There are 2 protein chains.
Amino acid sequence: MANYTRLEGIPMYVWIREDLRREIRDGIYKRGEKLPSEQELAIKYRVSRMTVRQSIAELIDEGLLFRRHGVGTFVAIPHLERDHTRLTNFFDAEGGEGSATRASLLAMKVLPAGQKIARALDIAKGDSVIEVKTLRYADDVPITVHDAYIPHKLFSNLQKEHLETQNLWSFFERNGFRVKRAIQKIEARQATKDIANMMKIKEGSPILYKERTVYSENGTPVEFTYCYNRGDIYSLTVALER
Amino acid sequence: MANYTRLEGIPMYVWIREDLRREIRDGIYKRGEKLPSEQELAIKYRVSRMTVRQSIAELIDEGLLFRRHGVGTFVAIPHLERDHTRLTNFFDAEGGEGSATRASLLAMKVLPAGQKIARALDIAKGDSVIEVKTLRYADDVPITVHDAYIPHKLFSNLQKEHLETQNLWSFFERNGFRVKRAIQKIEARQATKDIANMMKIKEGSPILYKERTVYSENGTPVEFTYCYNRGDIYSLTVALER
DNA sequence: GAGTGGTCTAGACCACCCG
DNA sequence: GGGTGGTCTAGACCACTCG
């Protein structure tokens, strides 16, 4: 039986996964309830058990389901925030949705990397980096100063125009670097005079400070950013696992 | 051929996974280098290709490898921080390692849940919760005030003695709730008089403020915590994905 | 013992990428 | 065209949990 890549090129395990997701969302399977066994699902969807397992594996990874050896597969209690938080935090730097955000470019220039930036980007001290400094607004209130550094060697073709028509990460992807993960160091600080002036707040106001390194799929650091967020407005939500 | 659960009960895919991990660590496969094809690995380890794929899948999940359809499987550049950050952040609340930390119990009492805590713990407003308030020190300097709330219904057997001999999460596990993930909201604030007094800092000093909900494997919220960290000492590192 | 998930096989064809 | 990963089969036996 020719079962490969049926239904307009959608793999069966994707179809099953989305069907299960929908049934859970629609309450056909409820919180804590047991799903049909893998065997039963295999029969229902007319696939092998391994294919069912592949579907389920991804939902377990997301935390929507969990398994108990010798007992069954169950619907976990969904905490809606999770997916949302991931995306929010990962894309907020470059064109968030939700509220009316915009960014103004303060500076863009090439300069030699200092010790810290070089270390973060895994390049030599003194190697060229592109600095992209922006001020970001939510509903026309300045909330964040972004100061990003990008290895010149990898993205020497970056132009100001790119930043106007697309976000940085899309640009990275177009150059063969798929953004995959980031590591952030977060601190509470007080606004320096510079930062306070830019955001029109008082010197010493609380600032949520972040240093972030962004990595592509193959582990290459593509961006290192200093980020100053207005403490009285900005909060950060992150999910931790295991 | 009876190949199931060979080698002292260690599944083959675990064995292969760890073997690959070791070879990568030892530099037999280097950063960015291509691994042997799945077919070749299957022959090498005398298993089916599906088993090899299972091994590789977990290493990809960890970010140690990445795949390119039609090209091959490659070693990603490791960024050591990642695993470290996860663990650090997930366990720092209850007995970290590394530096000389200790916690003193400020209060433990049962009280009715307010709106916010009830919502976070998915219980009714007014339901009993156990408050566990601690002051945590690193090298005898107070750095964090923890204020945790736990559903009384689930953990009515919690005693002060438990907190002295084990951390909260071990206690949860012993009661059938395996801690799996947490969601944290992070803000920069200024120390109130209360908090400042407890940590012996000036009122208005920067505070890294967290609200955290901890979930067990099945999605049940088991703990909601307010957390005030000294901004000048404490920083938080988190990894974000995709 | 019955039922579940955990591991594994020995193949197959498809989709993608490269020279 | 040749090699790679992506999807899938139709079974098998093992390990765990429960009544």
Side-chain angles (χ1 to χ4, degrees), chain A residues 1-20 29 32-61 64-76 173 176-178 180 217-218, chain B residues 1-20 29 32-61 63-76 176 178 217-218:
Chain A
M1 185 153 64
N3 278 332
Y4 330 98
T5 314
R6 290 161 288 198
L7 285 80
E8 303 158 30
I10 299 169
M12 270 311 287
Y13 79 94
V14 172
W15 203 90
I16 296 168
R17 185 188 68 203
E18 296 311 316
D19 199 49
L20 289 173
Y29 304 122
E33 219 173 85
K34 195 163 100 51
L35 249 56
S37 72
E38 296 176 350
Q39 186 56 248
E40 289 172 309
L41 289 172
I43 292 166
K44 170 178 173 185
Y45 291 105
R46 299 165 172 276
V47 298
S48 74
R49 199 181 134 213
M50 286 300 274
T51 301
V52 169
R53 281 180 67 78
Q54 190 176 0
S55 307
I56 291 176
E58 302 203 12
L59 295 175
I60 285 171
D61 227 45
L64 191 59
L65 299 178
F66 65 101
R67 278 198 275 237
R68 289 276 187 234
H69 191 176
V71 186
T73 304
F74 301 84
V75 180
E173 290 208 9
F177 291 89
R178 207 163 107 199
K180 186 73 188 304
E217 192 177 43
N218 73 358
Chain B
M1 185 152 64
N3 278 332
Y4 330 99
T5 315
R6 289 161 287 197
L7 285 79
E8 305 158 29
I10 298 169
M12 270 311 286
Y13 79 92
V14 172
W15 202 90
I16 297 168
R17 184 188 70 204
E18 295 312 316
D19 199 48
L20 289 174
Y29 304 122
E33 218 172 86
K34 196 163 98 55
L35 248 57
S37 72
E38 297 176 350
Q39 186 57 249
E40 289 172 308
L41 290 172
I43 292 165
K44 169 177 174 186
Y45 291 106
R46 299 165 172 276
V47 297
S48 74
R49 196 180 138 216
M50 287 300 275
T51 301
V52 168
R53 280 180 67 77
Q54 190 176 0
S55 306
I56 291 176
E58 303 202 13
L59 295 175
I60 285 171
D61 227 46
L64 190 60
L65 299 178
F66 65 102
R67 277 198 275 236
R68 289 272 187 238
H69 192 174
V71 186
T73 304
F74 300 83
V75 181
R178 208 165 106 199
E217 191 178 41
N218 73 359

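Order of the sequence lines sets the chain letters (A, B, ...), proteins ahead of strands, with each chain counted from 1. Given the structure is predicted, the values throughout are model-derived calculations rather than measurements. Scope of the values below: all heavy atoms of this structure, side chains included, with no hydrogens, waters or symmetry mates.
The CG atom of A:Leu35 lies 6.0 Å from the CG atom of A:Leu20; values are rounded to the nearest 0.5 Å. Between the CZ atom in B:Arg53 and the CD1 atom in B:Ile60 there is a gap of 8.0 Å [rounded to 0.5 Å].
With rounding to whole Å, A:Glu58 atom CD is found 8 Å from D:dT7 atom P. Between B:Met50 atom CE and C:dG6 atom C1' the separation is 14 Å, expressed in whole Å. Separating the CH2 atom of B:Trp15 from the C1' atom of C:dT7 is a distance of 17 Å, rounded to the nearest angstrom. Taking atom CD1 of A:Ile56 as the reference point, atom P of C:dG5 lies 7 Å away to the nearest angstrom. D:dT7 atom P lies 15 Å from atom CD of B:Gln54, rounded to whole Å. Taking atom CD1 of residue A:Ile16 and atom C1' of nucleotide D:dG6, one finds them 15 Å apart after rounding to whole Å. The CG-P distance, from A:Leu41 to D:dC8, rounds to 15 Å in whole Å. In this structure, the OH atom of A:Tyr45 is 17 Å from the C1' atom of D:dC8, given to the nearest Å.
Distances shorter than 4.0 Å separate some side-chain N or O of A:Thr51 from OP1 or OP2 on D:dT9.
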So A:Tyr45 and A:Asp19, side-chain contact (heavy atoms from CB on, under 4.5 Å) or not? Walk me through it. CA-CA 10 Å; A:Tyr45 291 105; A:Asp19 199 49; 2.6 Å; yes
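Shown here for B:Ile16 and B:Ser55, the closest heavy-atom pair between the two residues is CB-OG, 3.4 Å. Closest approach of B:Glu58 to B:Tyr13, counting heavy atoms only: OE2-CE1, 3.2 Å.
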Using the 3.5 Å cut-off, write out each protein N or O paired with an N or O of nucleotides 1-5 of chain D and the distance between them.
residue : atom : partner : partner atom : Å
D:dG3   : N2   : B:Gly70 : O            : 2.8
D:dG5   : OP1  : B:Thr73 : N            : 3.3
D:dG5   : OP1  : B:Thr73 : OG1          : 3.0
D:dG5   : OP2  : B:Glu38 : N            : 2.9
D:dG5   : N2   : B:His69 : NE2          : 3.2
D:dG5   : N3   : B:His69 : NE2          : 3.3

Using distance only, find each side-chain donor-acceptor pair of residues 64-72 of chain A under 3.5 Å and give its atom names and separation, not counting sequence neighbours.
residue : atom : partner  : partner atom : Å
A:Arg67 : NH1  : A:Glu38  : OE2          : 3.2
A:Arg68 : NH1  : B:Glu217 : OE1          : 2.8
A:Arg68 : NH2  : B:Glu217 : OE1          : 3.3

